[in-house]
Amino acid sequence: MTRVLVVYASERGGTAEIAGWIGAGLSGSGLEPDVRPAGSTKTVEGYDAVVLGGALYAGRWHREARRFARRFSGELAARPLWLFSSGPLDHTAEAKTVGPVPGVARLGRKLGARDHATFGGRLAPDARGFLASKIAKRASGDYRDRDRVRAWADEIARELRTVGT
Ligand SMILES: Cc1cc2nc3c(=O)[nH]c(=O)nc-3n(C[C@H](O)[C@H](O)[C@H](O)COP(=O)(O)O)c2cc1C
């Protein structure tokens, strides 16, 4: 069995749900995923591959995703690794390929990530917080595309089958 750690950093739950969809896709392809929050994941031992994702806040990955990447950089660089971000509160991530923000692009290069995907985000109209409530006035909604997430998980599964681990 190929064990895959799907690890995420999420503030309001939208990215956590995307990680769950990825996990479901991988398990449908016969892999063995564990979906876990970055903040409380203490090891990557025992996993053959890792998918690491973070919500985007102010042009950066959620700090727990950044911290996780820093803390386990050696282990991540030694495994097949995929990265994803969730953020745009519009349809841009569906209409075209949105590249990683600069910090995530740097991490991807440093860790030798195989791919990065940007998925749309979600913000509730009644989101709490000074900035979040302001943003929600003009850009609330759910822009996550479950089929696209699922297709990306299928690609990961295909690649893992091809390369072996
Ligand atoms: C204060 C704030 C700042 C944000 N900054 C960005 C950003 O820089 N880029 C982006 O694409 N999305 C940004 N977003 C949208 C979030 O990434 C989106 O709501 C995402 O789905 C949040 O994920 P979560 O529910 O897992 O926390 C921002 C949202 C808030 C509330």
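The two residues G53 and A65 have their closest heavy-atom pair at O-CB, 4.0 Å. Across all their heavy atoms, P88 and T118 have their closest contact at CD-CG2, 3.8 Å. Closest heavy-atom contact between D34 and R36: OD2-NH2, 3.6 Å. Closest heavy-atom contact between S85 and H116: OG-NE2, 2.8 Å. Across all non-hydrogen atoms, the minimal contact from A153 to G25 is CB-CA, 4.3 Å. Of all heavy-atom pairs between G39 and K42, the closest is O-NZ, 3.4 Å.
Side-chain atoms of Y47 and V4, non-hydrogen and from C-beta on, never get closer than 4.5 Å to each other. A heavy-atom distance below 4.5 Å is not found between the side chains of E64 and S10.
A distance of 9.0 Å separates CZ of F119 from CG of D145, quoted to the nearest 0.5 Å. If you take CG on L31 and CZ on R3, they are separated by 12.0 Å, rounding to the nearest 0.5 Å. Expressed to the nearest 0.5 Å, how far CG of L81 lies from OG of S73 amounts to 11.0 Å. We find the CD-CZ distance between E155 and R114 to be 13.0 Å, quoted to the nearest 0.5 Å. Going from atom OG of S86 over to atom CZ of R122 covers 9.0 Å, rounded to the nearest 0.5 Å. To the nearest 0.5 Å, the span separating CE on M1 from CD on E32 amounts to 5.0 Å.
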Do any side-chain atoms of residues 92-100 form donor-acceptor pairs under 3.5 angstrom with protein atoms, and if so which ones, sequence neighbours left out?
from, atom 1, to, atom 2, distance (Å)
T92, OG1, D90, OD1, 2.6
E94, OE2, H91, ND1, 3.2

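When each of L83, V104, L111 is checked for a side-chain contact (heavy atoms from CB on, under 4.5 Å) with L52, only L83 meets the rule. Of the candidates L5, I22, V51, L26, L26 is the only one forming a side-chain contact (heavy atoms from CB on, under 4.5 Å) with P33.
Linking Ile, Leu, Val, Met, Phe, Trp and Tyr residues whenever their side-chain heavy atoms come within less than 4.5 Å places I156 and F84 in a single cluster. Under the 4.5 Å side-chain heavy-atom criterion for grouping Ile, Leu, Val, Met, Phe, Trp and Tyr, V6 is connected to W82 within one hydrophobic cluster. In terms of hydrophobic clustering, with Ile, Leu, Val, Met, Phe, Trp and Tyr side chains grouped at heavy-atom distances under 4.5 Å, L160 and V149 are assigned to a common cluster.
The hydrophobic cluster containing L89 also includes L123, I135, Y143, under a criterion of side-chain heavy atoms closer than 4.5 Å among ILVMFWY residues, counted directly or through chains of members.
Taking 4.0 Å as the cut-off between side-chain N and carboxylate O, R79 and D48 do not count as a salt-bridged pair.
Shown here are the side-chain hydrogen bond (donor to acceptor under 3.5 Å, both in side chains) partners of W21, two or more places apart in sequence or in another chain: there are none. Checked against side chain to side chain contact (heavy atoms under 4.5 Å, CB included), R106 has the following partners two or more places apart in sequence or in another chain: P102, R109. In this view, R144 and E17, D142 satisfy the salt bridge (charged side-chain N to carboxylate O under 4.0 Å, His left out) rule, not counting sequence neighbours.
For R148, the CZ atom is densely surrounded, since the number of other residues' heavy atoms within 6.0 Å is greater than 12.
The stretch residues 54-79 participates, sequence neighbours left out, in these ring-ring contact (aromatic ring centres under 6.0 Å, His included) pairs: F68-F72.
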